[in-house]
K.L.:
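Below: one structure in structure tokens.
Worth knowing before you read on, the calculation uses all heavy atoms, side chains too, and leaves out hydrogens, waters and symmetry mates.
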Amino acid sequence: MHFFFPCFTVLLALGAPLPAPAGPPAPLPAAIRRVLPTGYAVLAAEPGDLNRGATPDWVVVLNKPDEKQTSDVNGHPTKRPLLLFVGGAGGTFTLAARSDNAVYCVDCGGMMGDPFQGVTIKNGYFTVEHYGGSAQRWTRFVTFRYDPAARTWLLHRDGGEQFSASDPAHGTSSGTTARNFGRVLFTRFDIYR
């Protein structure tokens with residue numbers, strides 16, 4: 001199955017500015033809110049189909065409220081956990097997977113500020129979207145797919161674009177797939193490497 005990046009590629013080709021990050025997160029079901037780790041705020045929350053099941057699932061990205069003061073991109077980034085909740089009967093949710101290394105830190109975007117743009121979900125795939133840089137801009141889209149045989153999520157594609165802010169229509173694209181990196185579990189992926 002081919003999975004494509006969101007509309008950022010089209011915007012870059014047209015020379016249009018990239019959109020701002022999504023607004024406030026969707027309201028989480030109480031069953032999820034009750035099990036979130038203490039000391040974190042919800043940065044993003046998106047419902048969708050994570051496991052090709054009949055019930056809605058959720059991707060939740062957390063952050064520390066004081067991350068702007070504590071994060072150091074060069075040596076000690078304040079991590080942002082990404083949690084996958086699978087829906088069950090009667091409005092229940094199970095924490096199916098967690099990664100503290102799938103979302104860039106608050107100061108990882110350079111002069112552009114916080115690089116995190118959001119998460120999109122579609123039919124067993126989800127993509128973490130980033131945008132950053134200064135005069136030289138970049139995007140990074142990391143896509144994971146559900147593997148029903150293993151009942152887990154695997155890295156599907158990792159790629160993006162680099163371009164000059166003064167000439168966004170002439171950037172370069174790059175990307176790798178499982179043919180390049182093999183079998184990488186979502187829980188073992190590290191965006192910082």
Side-chain angles (χ1 to χ4, degrees), residues 1-10 19-65 67 79-105 114-131 139-160 175-178 181-191:
M1 175 180 214
H2 179 68
F3 192 76
F4 56 91
F5 293 140
C7 64
F8 288 95
T9 303
V10 173
L28 281 171
I32 293 177
R33 284 194 316 267
R34 282 193 297 269
V35 299
L36 293 177
T38 58
Y40 287 95
V42 175
L43 179 62
E46 291 294 328
D49 181 7
L50 285 173
N51 65 351
R52 308 292 296 203
T55 56
D57 309 307
W58 284 81
V59 172
V60 180
V61 178
L62 304 176
N63 68 328
K64 293 275 192 177
E67 67 181 0
K79 303 292 181 86
R80 293 170 155 182
L82 190 153
L83 312 173
L84 304 180
F85 288 93
V86 175
T92 61
F93 292 92
T94 301
L95 176 59
R98 173 180 171 158
S99 172
D100 289 2
N101 295 305
V103 179
Y104 275 131
C105 67
D114 186 350
F116 179 68
Q117 296 292 299
V119 178
T120 57
I121 307 167
K122 185 176 181 180
N123 300 328
Y125 290 79
F126 68 95
T127 301
V128 183
E129 304 170 358
H130 294 98
Y131 168 62
T139 64
R140 186 166 183 191
F141 304 100
V142 183
T143 301
F144 300 89
R145 70 170 177 81
Y146 184 67
D147 181 340
R151 296 176 62 170
T152 192
W153 291 265
L154 302 173
L155 181 60
H156 178 69
R157 181 172 170 82
D158 186 358
T176 57
T177 67
F181 46 71
R183 183 179 168 87
V184 178
L185 297 173
F186 162 68
T187 55
R188 302 222 178 216
F189 173 75
D190 190 345
I191 198 164

K.L.:
Let's go through L36 and L83 carefully: what are the C-alpha distance in whole Å and the side-chain angles of both, what is the deciding distance for side-chain contact (heavy atoms from CB on, under 4.5 Å) to 0.1 Å, and is it a yes or a no?
P.N.:
CA-CA 9 Å; L36 293 177; L83 312 173; 3.8 Å; yes
K.L.:
With sequence neighbours excluded, tell me which residues meet ring-ring contact (aromatic ring centres under 6.0 Å, His included) with Y40.
P.N.:
none
K.L.:
For the CG atom of D158 and the OG1 atom of T127, what is their distance to the nearest 0.5 Å?
P.N.:
10.5 Å
K.L.:
Please name the residue in the list D100, N101, D114 that meets the side chain to side chain donor-acceptor pair (under 3.5 Å) test with R80.
P.N.:
D114
K.L.:
What residue among V142, V59, V103 forms side-chain contact (heavy atoms from CB on, under 4.5 Å) with V119?
P.N.:
V59
K.L.:
Going from OG on S99 to CZ on F144, what distance comes out if it is rounded to the nearest 0.5 angstrom?
P.N.:
6.5 Å
K.L.:
Could you tell me which non-hydrogen atom of G39 sits nearest to which non-hydrogen atom of K64, and how far apart they are?
P.N.:
O-CD, 3.3 Å
K.L.:
Testing the basics here: between L50 and Y146, what is the closest heavy-atom pair and its distance to 0.1 Å?
P.N.:
O-CB, 3.3 Å
K.L.:
Show the nearest heavy-atom pair for residues E129 and F141, with the distance to one decimal.
P.N.:
CG-CD2, 3.6 Å
K.L.:
Please test R140 against Y131 for side-chain contact (heavy atoms from CB on, under 4.5 Å), starting from the C-alpha separation and ending with a verdict.
P.N.:
CA-CA 6 Å; R140 186 166 183 191; Y131 168 62; over 6 Å; no
K.L.:
Which of these, F116, Y104, F189, sits in a side-chain contact (heavy atoms from CB on, under 4.5 Å) with V128?
P.N.:
F116
K.L.:
Using ring-ring contact (aromatic ring centres under 6.0 Å, His included) as the criterion, list what pairs up with F85, not counting sequence neighbours.
P.N.:
none
K.L.:
State, to 0.1 Å, how close V86 and A96 come at their nearest heavy-atom pair, and which atoms those are.
P.N.:
CG2-CB, 3.5 Å
K.L.:
Do you know the tightest heavy-atom contact between H130 and A102?
P.N.:
CE1-O, 3.9 Å
K.L.:
Is it the case that the side chain of D57 and the backbone of D49 share a donor-acceptor pair, with hydrogens and angles ignored and the cut-off at 3.5 Å?
P.N.:
no
K.L.:
Ignoring hydrogens, what is the shortest heavy-atom contact between C105 and P115? Give both atom names and the distance.
P.N.:
O-CD, 3.3 Å
K.L.:
Atom OG1 of T94 and atom CD1 of I32: how far apart are they, to the nearest 0.5 Å?
P.N.:
10.0 Å
K.L.:
Look at the side chain of R33 and the backbone N and O of L28, then say whether any donor-acceptor pair between them is shorter than 3.5 Å.
P.N.:
yes
K.L.:
What's the spacing between L155 CG and R188 CZ if we round to 0.5 Å?
P.N.:
14.0 Å
K.L.:
Begin from the C-alpha positions of R183 and L154 and carry the test side-chain contact (heavy atoms from CB on, under 4.5 Å) through to its verdict.
P.N.:
CA-CA 7 Å; R183 183 179 168 87; L154 302 173; 3.4 Å; yes
K.L.:
Not counting sequence neighbours, which residues clear salt bridge (Lys or Arg N to Asp or Glu O under 4.0 Å) with R145? List them please.
P.N.:
none
K.L.:
Counting C-beta onward and ignoring hydrogens, is there a side-chain heavy-atom pair between V35 and L95 closer than 4.5 Å?
P.N.:
no
K.L.:
Do the side chains of L43 and L62 get nearer than 4.5 Å, heavy atoms only?
P.N.:
no
K.L.:
About how many Å separate CD1 of I121 and CH2 of W58, when rounded to the nearest 0.5 Å?
P.N.:
8.5 Å
K.L.:
Using a 3.5 Å distance criterion without hydrogens, assess whether the side chain of R52 forms a donor-acceptor pair with backbone atoms of N123.
P.N.:
yes
K.L.:
How many angstroms lie between atom CZ of F186 and atom CG of L84, to the nearest 0.5 angstrom?
P.N.:
4.0 Å
